[in-house]
Amino acid sequence: MKKSDVVKMLLKERLFANPKNSKVEAFAPTNIALCKYWGKRDPELNLPVTSSLSISLANLGASVSLNVAAEDKIVLNNQLVDPQSSFSIRLVEFLDLVRLNRSPHLEINIISTVPIAAGLASSACGFAAITLALNKLYDWELTGRELSILARLGSGSACRSIWNGFVEWNSGIRSDGMDSHGSVIHHHWPELCMGLVLLSQQEKSISSRKAMERTVNTSPLYSAWPAKVAQDLSLIKQAITVHDFKLLGKTAEFNAMTMHATMLSAWPPVSYYLPETMMAMEKVWALRAEGLDLYFTQDAGPNIKLLFLKKDFSEVQLHFPQLQSVNLF
Ligand code: PMV
């Protein structure tokens, strides 16, 4: 099955209709997985091997403005994007799923408040925001589930960036992926904090797409991953329900470490570690040994995200002066 078949199922008679508006804007938050998505059962449709669960960073994400124009033009953080770049090609391919013969041409302005391709899910919020903007441009009136499925075709983790708060992406079992989308876990946890520790803004060495494929195909440890995720998902959901921070932190960190271990055991090895990443991790472990409730998670990049409770904010900041605190709720 191809992406275009899925889009046809989602939009039905609305596919290729003319835009109802000429200029729209949308924002989507980035999301950080507490239980990770690593590995696809269908690379074309970005269908995952396992379910996953994230928290959205309410004030960090992508703002997109779309307007009908004389030619396609993409501007990212006020800089014109080279149409031959992989960024542009991927984005235009996504737009072409809903356009006939590249019509209408669109001018897209993206302002991303997260560093691009540094493992901070910039593609997740980017594709989610573009999906929300297209929904407005064409007045499709898609449901959250449908928006999530459409965003997933751009980038897997984008399907969780349609909402704020905790979002679970159910892997689904259908080959058309109509059951593989995000849904909100309604739980408010205002004491829960996340902070970004930005160690490098360089583009990642290998895309998550390629890295996942290599891990699935070559890592002898990958077969243990689905069972680990099933266990972690259930623990994280339990932790969220009863606001058990230690359980949440431990499970999220353990899950991230296991994901990176499967990558390290791929061939050629996939490593997103920098020496600074290791130093930050060691610091977290040392502080925890001294009694501070501090945990971390790491995605497809060298930066780490700290998890802690609001009451410990000043102490965490003392040890990580570069901490960028983010709003979760
Ligand atoms: O959706 P992608 O291709 O950006 O992959 C995201 C992979 C991780 O960030 C490492 C894990 C996750 O669940 O977000």
Side-chain angles (χ1 to χ4, degrees), residues 3 28-57 60-62 86-87 90-91 93-94 112 114-131 148-163 166-171 177 180-182 194 196 203-216 219 222 225-226 228-229 232-233 236 251-264 266 270-273 277 296-305:
K3 286 181 180 165
T30 193
N31 74 78
I32 301 297
L34 300 171
C35 183
K36 311 289 186 191
Y37 144 57
W38 198 252
K40 303 178 201 240
R41 66 182 159 90
D42 179 340
E44 162 73 13
L45 302 185
N46 291 331
L47 294 176
V49 172
T50 68
S51 298
S52 55
L53 192 153
S54 63
I55 176 98
S56 290
L57 310 188
L60 279 188
S86 55
F87 180 89
R90 198 167 154 206
L91 195 49
E93 259 173 31
F94 184 69
S112 172
V114 295
I116 302 296
L120 291 173
S122 56
S123 67
C125 54
F127 278 104
I130 286 166
T131 302
S148 177
I149 292 172
L150 185 55
R152 167 173 51 75
L153 300 180
S155 167
S157 52
C159 78
R160 300 183 309 230
S161 269
I162 298 293
W163 301 274
F166 295 108
V167 177
E168 181 175 6
W169 174 8
N170 177 37
S171 64
S180 184
H181 55 83
M194 186 177 274
L196 308 179
E203 284 224 7
K204 50 192 160 196
S205 45
I206 172 169
S207 69
S208 47
R209 165 173 291 270
K210 284 197 188 131
M212 279 187 206
E213 195 181 312
R214 195 186 293 167
T215 310
V216 172
S219 165
Y222 191 73
W225 176 244
K228 171 74 178 150
V229 169
D232 289 348
L233 258 182
I236 288 177
T251 313
E253 184 176 310
F254 196 178
N255 183 271
M257 290 304 294
T258 309
M259 176 183 76
H260 284 277
T262 64
M263 292 184 210
L264 288 171
V270 175
S271 166
Y272 287 111
Y273 291 120
T277 317
F296 68 85
T297 185
Q298 184 194 354
D299 291 283
N303 301 305
I304 67 165
K305 295 100 191 180

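Both backbone and side-chain heavy atoms feed into the values below; hydrogens, waters and symmetry mates do not. Just follow the structure's listing: the first ligand is 1, and inside any ligand the first atom is 1.
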Strictly under 4.0 Å, does any heavy atom of Ser155 approach an atom of ligand 1? yes
At a 4.0 Å threshold, what atoms of ligand 1 neighbour a non-hydrogen atom of Gly156? 1 (O)
Indicate yes or no: does an N/O atom of Lys40 lie under 3.5 Å from an N/O atom of ligand 1? no
Report yes if some heavy atom in the side chain of Asn255 is under 4.5 Å from a heavy atom in the side chain of Leu34; otherwise report no. no
Mind checking what makes side chain to side chain contact (heavy atoms under 4.5 Å, CB included) contact with Thr258, not counting sequence neighbours? Trp225, Lys228, Phe254
Note: ligand 1 atoms sitting under 4.0 Å from heavy atoms of Ala33 are 12 (C), 13 (O), 14 (O)
Polar contact flag for Trp38 and ligand 1 (N/O pairs, less than 3.5 Å): no
Residue portion contacting ligand 1 (non-hydrogen atoms closer than 4.0 Å) for Ser123: side chain
Within the 4.0 Å heavy-atom shell around Ser208, which atoms of ligand 1 are there? 2 (P), 3 (O), 4 (O), 5 (O)
Which segment of Arg209 sits under 4.0 Å of ligand 1 when only heavy atoms are counted: neither
With a cut-off of 4.0 Å, which atoms of ligand 1 are near a heavy atom of Ser157? 1 (O), 2 (P), 4 (O), 6 (C), 14 (O)
Could you tell me whether a side-chain N or O of Arg160 sits under 3.5 Å from a main-chain N or O of Ser52, the two making a donor and an acceptor? no
Does Asp232 come within less than 4.0 Å of Lys36, counting only side-chain N to carboxylate O? no
Element-labelled atoms of ligand 1 that are located less than 4.0 Å from some non-hydrogen atom of Met212: 5 (O), 7 (C)
Would the distance check show the side chain of Glu253 and the main-chain N or O of Phe296 forming a donor-acceptor pair, the cut-off being under 3.5 Å? yes
Check if Ala300 has a non-hydrogen atom at a distance under 4.0 Å from any atom of ligand 1. yes
ring-ring contact (aromatic ring centres under 6.0 Å, His included) against Trp169, all qualifying residues, sequence neighbours excluded: Tyr37
Under 4.5 Å between any side-chain heavy atoms of Arg214 and Met263, yes or no? no
Polar contacts were defined as any N/O atom of the residue lying under 3.5 Å from an N/O atom of the ligand; does this apply to Lys36 and ligand 1? no
Backbone N/O of Gly154 and side chain of Arg90: donor-acceptor pair under 3.5 Å: yes
